[in-house]
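Just below is one structure, and these are the notes that go with it.
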Amino acid sequence: MAYRRGAHELGDGCVAYLQPDGGWGWSNAGLVVGDGASLLVDTLFDLRLTAEMLSDFDRFTLGAPIRSLVNTHANGDHCYGNQLVDGAEVIASTAAAHEMTEVPPSMLAALNAAPGEVGDLFRGFFGAFRFEGIEPRLPDRTFDGRLEIEVGGRVVELVEVGPAHTRGDVIVHVPDARTVFAGDVLFVGGTPIVWAGPLSNWIAACDLMLGLDVDTVVPGHGPVTDKAGIVAVRDYLAHVEAEASECHAAGVDAFDAARDIARRMNLSKSDFAEWGEFGRLAVNVEAVYRSLDPDRQGPDVVELFRRMARLER
Ligand SMILES: [Zn+2]
């Protein structure tokens, strides 16, 4: 399947909406089309992008309007477009619903408009998006663990696998299509970022997905894949967990550890060194250190973005 922007039919009434190159904020979404009703998996980072996606989906949803909207997690690139989806019940995990109130779009709008070094830093990551005018629309229905919902005669399984990428990650499994929409517990061609963790829990989420009877795997960022894409993320997380734990035991500072691990990945010509957003390693090492020392006071989010930018220089 060509990795181009727009809706891609996956067969069996499933559609992926892809946004190359899958880097910061360029997220995917999905649609499950039933008999007379559809389920949307995630909205996009701003209103313009979400509106474009919804009109691209019109050919599927005219006879099967979107009645359910699942937000896989709380990051804005998966829920900031919610207000444009009328008449749908918005569903998320309880943990994701709580987390959605923590980073309002107005905060990103302010950071994007900030003068000086901080503004330049954030515009480098998010300057392509427009956060003005976004009214957060929070979930109508929350759940913990698992939730089975019916969409126009089909069964869709929501499985909470967080905390991993964020505190409330959910995957959307469509058994009759042997398809899973993984949200950001899967990145393809880009580096996973562990905002919450622990990494062991994310690795368990990969194992859970590997145990599903699926052929088609839609990541939160990057091209559509199969189970090989899940194995690659699992391998990356296991590698970072092992390396960072060793550095922690040796008393190495977290950012020095990230730089050491990065250097070794480059020297060994690891595939991981070729993935986009490589600098996220700094956040991932920090997550390992936090899991080993829960009282640890890590750097704030601005400093984390500085370190990611520095690691990619
Ligand atoms: Zn995302």
Side-chain angles (χ1 to χ4, degrees), residues 3 5 16-31 40-50 52-53 69-82 85 90 92-93 95-97 99-100 102-105 107-108 111-112 122 124-131 134 136-137 139 158 160-172 180-197 202 205-206 209 217-225 229-230 232-233 236-237 275-281 283-284 287 301 304-305 308:
Y3 186 38
R5 181 196 178 100
Y17 190 86
L18 308 179
Q19 296 195 98
D21 64 354
W24 286 102
W26 296 106
S27 51
N28 298 334
L31 190 71
L40 178 66
V41 181
D42 285 338
T43 55
L44 304 179
F45 213 178
D46 68 20
L47 300 179
R48 177 182 54 99
L49 293 172
T50 302
E52 244 173 71
M53 172 176 77
L69 162 57
V70 177
N71 292 128
T72 57
H73 64 288
N75 286 167
D77 54 335
H78 300 264
C79 65
Y80 277 2
N82 282 7
V85 185
V90 182
S93 69
E99 205 172 357
M100 276 181 202
E102 292 176 11
V103 184
M107 189 190 290
L108 287 183
L111 284 166
N112 253 356
F122 275 85
F125 287 96
F126 301 121
F129 306 100
R130 296 287 160 263
F131 302 113
I134 300 176
R137 175 152 181 244
L158 312 183
E160 183 181 22
V161 296
H165 168 66
T166 63
R167 294 210 299 274
D169 307 298
V170 166
I171 62 168
V172 179
V180 64
F181 295 91
D184 283 5
V185 289
L186 200 67
F187 289 75
V188 172
T191 305
I193 183 164
V194 189
W195 288 119
W202 192 332
C206 290
M209 291 192 289
V217 178
V218 182
H221 294 256
V224 174
T225 185
I230 304 172
V233 165
Y236 172 87
L237 295 168
W275 288 358
E277 299 79 51
F278 178 77
R280 291 172 178 171
L281 179 61
V283 173
N284 300 341
V301 74
L304 286 176
F305 274 98
M308 288 190 274

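All residue numbers in this chain count up from 1 along the given sequence. In each ligand, atom 1 is the first atom listed, and ligand 1 is the first ligand listed.
- Each of Val90, Leu40, Thr50 was evaluated against Asn82; a single residue qualifies, Val90, per the side-chain contact (heavy atoms from CB on, under 4.5 Å) test.
- Note on ring orientation: taking the six-membered ring where Trp is involved, the planes of Phe187 and Trp202 are tilted (angle from 30° to 60°).
- For the Zn ion (ligand 1), the N/O/S atoms of His221 include one lying under 2.8 Å.
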Listed pairs under 3.5 Å, donor-acceptor, residues 16-26 side chains, sequence neighbours left out:
unit_1, atom_1, unit_2, atom_2, d
Gln19, NE2, Ser27, O, 2.8
Asp21, OD1, Gly23, N, 2.9

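- Atom OD2 is the N, O or S atom of Asp77 at the shortest distance from the Zn ion (ligand 1).
- Seen from the Zn ion (ligand 1), atom NE2 on His78 and atom OD2 on Asp184 lie at an angle near 90° (rounded to 10 degrees).
- Side chains of Phe129 and Leu49 form a contact here, defined as non-hydrogen atoms less than 4.5 Å apart.
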